[in-house]
Amino acid sequence: MAARNLHGHVVQVLGQRIVSGAIKQGEVLPPEATMAEDMDVSRTSLREAMKVLSAKGLVEARPKVGTRVRDARFWNQLDADVLAWRCASMPTSDFVQKLSEMREIIEPAAAASAARHRSVTQLKRMQQAFDAMEASHDPESWTTADIDFHEAILAATGNELLISLFSVIETALSSYFTMSALSAVNFKYSLPQHRMVLQAIRDKDAEAAHKAMLKVISDTKENLSNKRRKA
């Protein structure tokens with residue numbers, strides 16, 4: 001367990017440095033012995049960490065060259081760790097813009113699909129998540145319930161690819177929802193819009209569900225944009 005924790009720590013430290021640009025693309029990393037000493041880990045832990053980073057597309061080992069940081073186009077951008085590191089290092093304005101654009105492409109269509117395909121059990125799960133949002137007393141509990149609500153909608157599409165995609169972007173969405181909740185005077189400001197999404201899905205009205213979800217996303221984006229302008 002200790003060894004796994006050590007190499008996991010190395011993965012996190014080096015991954016964050018690479019994705020943030022602290023270690024530049026194309027840069028050759030120091031020799032193994034030097035890095036192991038600097039990070040106070042064994043060479044075995046360092047090698048295991050490098051295997052993980054290589055699998056994520058961040059580094060590659062070349063004979064007579066050493067381990068080099070790959071260009072960002074080769075990174076596995078949908079890897080949960082890579083995505084989390086990018087979100088953490090990305091300027092807030094870029095993070096909001098890019099994630100909002102991704103949500104606008106995916107979530108309204110998913111809400112429409114959920115309205116067409118949802119089962120009674122899936123609708124019940126959405127209702128439970130909505131009730132938890134309504135009952136939340138702080139931004140943290142709100143964010144947890146909000147994530148559950150959107151996950152329930154994607155699950156109701158019956159599309160395994162969309163469901164898998166949510167598991168990948170969940171960390172980014174959690175950060176996004178938390179930022180929005182903390183920046184609002186009333187963190188429940190979007191509850192009426194979420195209620196409209198739920199009602200449209202309950203009514204199996206795909207068009208209304210699409211419009212309501214687009215409204216949820218645009219309101220969140222506007223809330224975060226207004227917060228930045230006031231800062």
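Side chains are part of it too, since the values below use all heavy atoms of this structure and drop only hydrogens, waters and symmetry mates.
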statement: Sequence neighbours excluded, the answer for side chain to side chain donor-acceptor pair (under 3.5 Å) partners of Arg47 is Glu32

Looking at [Y] and [X], is there a salt bridge between them, counting it only when a charged N and a carboxylate O are closer than 4.0 Å?
{"X": "Arg62", "Y": "Glu60", "result": "yes"}
{"X": "Lys188", "Y": "Glu134", "result": "no"}
{"X": "Lys51", "Y": "Glu48", "result": "yes"}

query: Does the side chain of Met102 reach to within under 4.5 Å of the side chain of Glu107, using non-hydrogen atoms?
result: no

field: Hydrophobic cluster membership, Val216 vs Leu191, 4.5 Å side-chain cutoff
entry: yes

- prompt: What distance separates Leu58 CG from Leu14 CG, expressed to the nearest 0.5 Å?
  reply: 9.5 Å

field: Point-to-point distance, once rounded to the nearest 0.5 Å, from OG of Ser113 to CG of Leu162
entry: 7.0 Å

For the backbone of [Y] and the side chain of [X], can you confirm whether one donor and one acceptor N or O come within less than 3.5 Å of each other?
{"X": "Ser141", "Y": "Asp138", "answer": "yes"}
{"X": "Glu151", "Y": "Asp148", "answer": "no"}
{"X": "Arg118", "Y": "Arg202", "answer": "yes"}
{"X": "Trp142", "Y": "Ala132", "answer": "no"}
{"X": "Gln77", "Y": "Ala72", "answer": "yes"}
{"X": "Ser190", "Y": "Gln193", "answer": "no"}
{"X": "Ser100", "Y": "Gln97", "answer": "no"}

query: Around Glu140, counting heavy atoms of other residues, nucleotides and ligands shown, do more than 12 lie under 6.0 Å from its CD?
result: yes

- prompt: Do Phe149 and His194 have ring centres separated by under 6.0 Å?
  reply: yes

message: How close do Leu154 and Ala110 get, counting heavy atoms only, and between which atoms?
response: CD2-CB, 3.3 Å

message: Parallel, tilted or perpendicular, judged at 30° and 60°: which one describes the rings of Phe177 and His150?
response: tilted

